[in-house]
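Below: the structure, in structure tokens.
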Amino acid sequence: MTPRKVYLDNSATTQVDKRVLEAMIPYFSEDYGNPNSLHAWGREARVGVDKARAQVADLIGAQPKDIIFTGGGSEADNLAIKGAVWALKDKGKHIITSSIEHHALLDTVKWLGKNGFDYTILPVDETGMVDPKELEAAIRPDTILASIMYANNEIGTIEPVAELGEVCRKHGVLFHTDGVQAAGHIKIDVKELPVDMMTMAAHKMYGPKGVGALYVKKGIKLIPVIHGGGQEFGVRSGTENTPGLIGFGMSAELAANRLASGEIDNEIRLRDKLIDGLMERIPEITLTGHRTKRLPYHVSICVKYVEGEGMLLLMDAAGIGVSSGSACTSGSLEPSYVLLSLGMDHPTAHGSVRMTLSKDTNDEDIDYVLEKFPPIVEKLRSLSPFYKKNQ
Amino acid sequence: MYSEKVVDYFMNPRNSGKMDDANAIGEVGNPKCGDVMKIYLKINDQEVIEDIKFETFGCAAAIATSSMITEMAKGKTITEALKINNKDVAEALGGLPPAKLHCSLLAQEGIEAAVADYFIRKTGKAPEGFKTPYSTCSACSGSCGGGAGHDHEEEEEIFVSEDHRAAE
């Protein structure tokens with residue numbers, strides 16, 4: 001019997017679904033034409049790209065022409081922020097975001113801060129939630145854009161996006177949300193949601209890496225970040241990554257089916273089984289992020305008295321893939337800024353472990369993790385000068 | 001990322017745990033930075049380290065360097081043990097990734113701090129130039145970017161990714 005392997009790092013990336021891969025393959029060496037070419041090869045590819053755009057649009061209730069394909073989530077974030085503020089720079093220079101955004105967002109905003117723009121970074125509460133009232137209070141006459149993520153990658157908290165978007169709409173401020181972790185995992189309908197732009201990434205929903213999209217509501221003007229041949233409605237130049245887009249389209253369609261079928265409920269059940277199981281078996285651990293307003297696949301905890309990297313490596317040796325926001329895993333000596341934003345102290349934040357489930361995770365996988373993880377914590381705690389057993 | 005030896009010494013730590021009859025204890029590091037190493041020594045009348053134990057809060061490299069230095073120091077006189085430097089520890093482990101070299105320094109300072117404690121208990125003071133038995137955050141030598149005083153709170157503006165980024 002081969003030893004069990006349990007991949008619980010689906011917030012980092014997911015396994016490409018076989019149906020996605022099968023859909024992509026013909027576009028590498030059969031339908032390989034440039035979608036911008038007029039001949040049969042090009043037309044074949046164009047049909048595929050158009051279909052993919054419609055599939056991605058359907059996932060979030062958008063129109064195909066509102067979908068701009070990019071080379072991934074980070075690029076879509078950059079396009080949304082830089083593209084929007086550049087288009088609005090005569091109207092104002094103030095941007096609002098939150099302290100727990102992905103670096104693709106935060107670093108972009110901070111770079112703009114060094115280049116003529118001004119920004120406010122909103123704090124979050126101990127569950128990682130942004131308060132719509134604080135957003136409203138931060139809005140100034142020259143505020144042009146606010147960007148608050150749909151759900152956080154490290155702690156799984158789902159932000160009150162509808163309320164935040166409502167505040168922005170009331171004040172005539174453009175609202176972007178980074179939906180990389182949420183799209184395909186939570187029902188999102190932009191027809192009902194007051195969101196002007198939303199970032200998505202294929203590889204977080206069983207699609208290929210290096211493919212993303214920015215939903216842009218009709219009528220919003222963006223200045224391109226990548227100039228060139230005028231592809232993607234002139235907003236994002238570059239020959240389309242046809243196989244990648246086809247894969248994204250298929251992964252979006254499969255995600256929409258999962259959301260409609262209620263398959264996500266089983267993921268939530270397994271998530272809660274893991275959370276409750278860890279809490280029962282291991283003393284002095286904390287769930288980070290919101291207990292219920294969290295991504296269906298997301299479990300994140302902090303284990304007191306031990307450091308995350310050791311847990312990650314011992315779990316890896318047991319065939320379980322997890323991640324950590326500890327300093328040692330990030331290459332700096334600072335633990336995750338997201339965990340510190342929750343008001344967590346440094347030593348506790350160093351003990352962070354994230355386990356993110358996939359659509360294929362099953363009960364046996366969770367049982368296996370619940371069997372393997374507690375002794376690993378116990379082993380590392382026995383080495384820790386801070387851990388006093390039975391105290 | 002880690003050598004086989006580092007993995008081995010992390011997975012199967014040598015000389016780990018508390019020591020009830022230690023006559024010297026040193027603790028170095030800072031929980032804020034994510035590394036704290038506690039070294040227990042039993043030193044006999046000939047000033048030979050008869051027994052040695054460690055407890056470490058930290059990453060795999062911190063545990064492996066603690067583990068390795070305890071093995072290297074065991075059975076040596078304190079004078080010999082103090083000559084083990086961080087490079088010896090890193091070499092004995094088959095090398096460390098650059099970001100983890102401070103862990104080997106922490107190990108070296110852990111021994112020094114414990115020996116200082118031995119002299120304090122014996123003579124009332126540590127020999128000149130020694131680490132104090134409970135020194136904080138000296139071992140990372142500013143590699144955590146905190147600078148003097150290690151005021152991490154002020155670093156909010158600096159992101160790790162900037163270190164790797166080309167000129168803007």
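Quantities reported herein were computed from a predicted structural model and do not represent experimental measurements. Letters A, B, ... are given to chains in the order of the sequence lines, protein chains preceding strands, and every chain is numbered from 1.
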Could you look at Lys53(B) and say if it's the side chain, the backbone, both or neither that has a heavy atom under 4.5 Å from chain A? neither
Can you tell me how far the CE atom of Met37(B) sits from the CG atom of Leu383(A), to the nearest 0.5 Å? 11.5 Å
Backbone N or O of Met11(B) within a donor-acceptor pair of the Lys379(A) side chain at under 3.5 Å? yes
Closest non-hydrogen atom pair, Phe57(B) against Tyr305(A): CD1-O, 3.1 Å
SG on Cys59(B) to CG on Leu312(A), rounded to 0.5 Å: 11.5 Å
Would you say CG of Asp20(B) has more than 12 non-hydrogen atoms from neighbouring residues, nucleotides or ligands within 6.0 angstrom? no
His346(A) side chain to Cys33(B) main-chain N or O, any donor-acceptor pair under 3.5 Å? no
Which answer fits Ala62(B), side chain, backbone, both or neither, if we ask what part of it has an atom under 4.5 Å from a heavy atom of chain A? neither
Tell me, please, which residues at least two apart from Asp118(A) pass side chain to side chain donor-acceptor pair (under 3.5 Å). Arg140(A)
Hey, is NZ on Lys83(B) packed in by over 12 heavy atoms from elsewhere, all under 6.0 Å? no
Return yes when atom NZ of Lys5(A) has more than 12 non-hydrogen atoms of other residues, nucleotides or ligands closer than 6.0 Å, and no otherwise. no
Mind listing the closest non-hydrogen atom pair of Lys32(B) and His350(A) along with its distance? O-NE2, 2.6 Å
Nearest 0.5 Å, what's the CD-CD1 distance between Glu307(A) and Ile63(B)? 8.0 Å
Counting heavy-atom pairs under 4.5 Å with chain B, the top scorer among Ser99(A), Pro385(A), Gly310(A), Ala317(A) is Pro385(A)
Pairs flagged by ring-ring contact (aromatic ring centres under 6.0 Å, His included) wherever residues 9-41 of chain B is involved - sequence neighbours left out: none
